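Quantities reported herein were computed from a predicted structural model and do not represent experimental measurements. Because only heavy atoms are used, hydrogens play no part in the values below, and waters and symmetry mates are left out as well, while side chains stay in.
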Amino acid sequence: MTVEIGEKAPEFTLPTNGNGSVTLSALKGKKVVLYFYPKDDTSGCTAEACGFRDAFPDYGGTGSVVIGISKDSVASHDKFKKKHELPFILASDAGSDVCEKYGVWVEKKHVRAQVYGHRALHVPDR
């Protein structure tokens, strides 16, 4: 399944860094940026997260809520967030249910193996 422009964003509740949780519907009325990434502390995912961190003052000025989602554990997110001073929420989708609802957990052919994952950005509108 893939979320198309104009479709309602699939609802979710996920555990987050700091032993919290985030529910999409609880953010209704706020600007939300969801970014999906394959794994904490890999070179590409770190660069992406740090890019969001560095641009966060721009997002924060608009009142936007940025949420990074991967299959990593909350403990992994806690370490990743602290190590790179990430000022936004990291949510754990260990079972990949949300990734699958958004169509971002897909098979990719890699040089040495078949791997799963995908980088994707969604900005739900309500």
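- Here the shortest heavy-atom pairing between P10 and L24 reads O-CD2, 3.4 Å.
- Inter-residue side-chain proximity for V32 and V66 is flagged as unmet; no heavy-atom pair is nearer than 4.5 Å.
- Both V33 and F80 sit in one connected hydrophobic cluster of ILVMFWY residues. Membership requires side-chain heavy atoms under 4.5 Å apart, directly or through other members.
- The CD atom of E85 lies 7.0 Å from the CZ atom of R53; values are rounded to the nearest 0.5 Å.
- V104 is not listed as a side-chain neighbour of Y37, based on a closest heavy-atom distance of 4.5 Å or more.
- To the nearest 0.5 angstrom, K30 atom NZ is 12.0 Å from T62 atom OG1.
- Within a 6.0 Å radius of CG in D54, more than 12 heavy atoms belonging to other residues, nucleotides or ligands are found.
- Taking the side-chain hydrogen bond (donor to acceptor under 3.5 Å, both in side chains) definition, one finds that T13 meets it with T23, sequence neighbours left out.
- Listed by chain and number, the residues in a salt bridge (charged side-chain N to carboxylate O under 4.0 Å, His left out) with D40 amount to none (sequence neighbours excluded).
- Partners of D97 according to the salt bridge (charged side-chain N to carboxylate O under 4.0 Å, His left out) rule, which considers only residues two or more places apart in sequence or in another chain, do not exist here.
- A heavy-atom distance below 4.5 Å is found between the side chains of V98 and F36.
- In this structure N17 satisfies the side chain to side chain contact (heavy atoms under 4.5 Å, CB included) test together with H77, D78, K81, I89, L90, sequence neighbours excluded.
- Applying the salt bridge (charged side-chain N to carboxylate O under 4.0 Å, His left out) rule to K83 yields the partners D41; only residues at least two apart in sequence or on another chain are considered.
- L14 and S92 get closest at one heavy-atom pair: CD2-O, 3.4 Å.
- Of all heavy-atom pairs spanning A49 and L86, the tightest one is O-CD2, 3.8 Å.
- Side-chain atoms of S76 do not come within 3.5 Å of backbone N or O of D72 as any donor-acceptor pair.
- With sequence neighbours left out, E11 forms a side-chain hydrogen bond (donor to acceptor under 3.5 Å, both in side chains) with S25.
- Between A9 and Y102, the shortest heavy-atom contact is CB-OH, 3.4 Å.
- Looking at S70 and K39, their side chains never come closer than 4.5 Å, going by heavy atoms from C-beta outward.
- Scored by the ring pair (Phe, Tyr, Trp, His ring centres under 6.0 Å) test, F88 finds Y35 as partners (sequence neighbours excluded).
- The minimum heavy-atom distance between V74 and G18, with the atom names listed, is CG1-N, 4.4 Å.
- Residues C45 and P38 meet the side-chain proximity criterion, which asks for heavy atoms closer than 4.5 Å.
- Side-chain contact between F12 and D93: absent, with no pair of heavy atoms (C-beta onward) separated by less than 4.5 Å.
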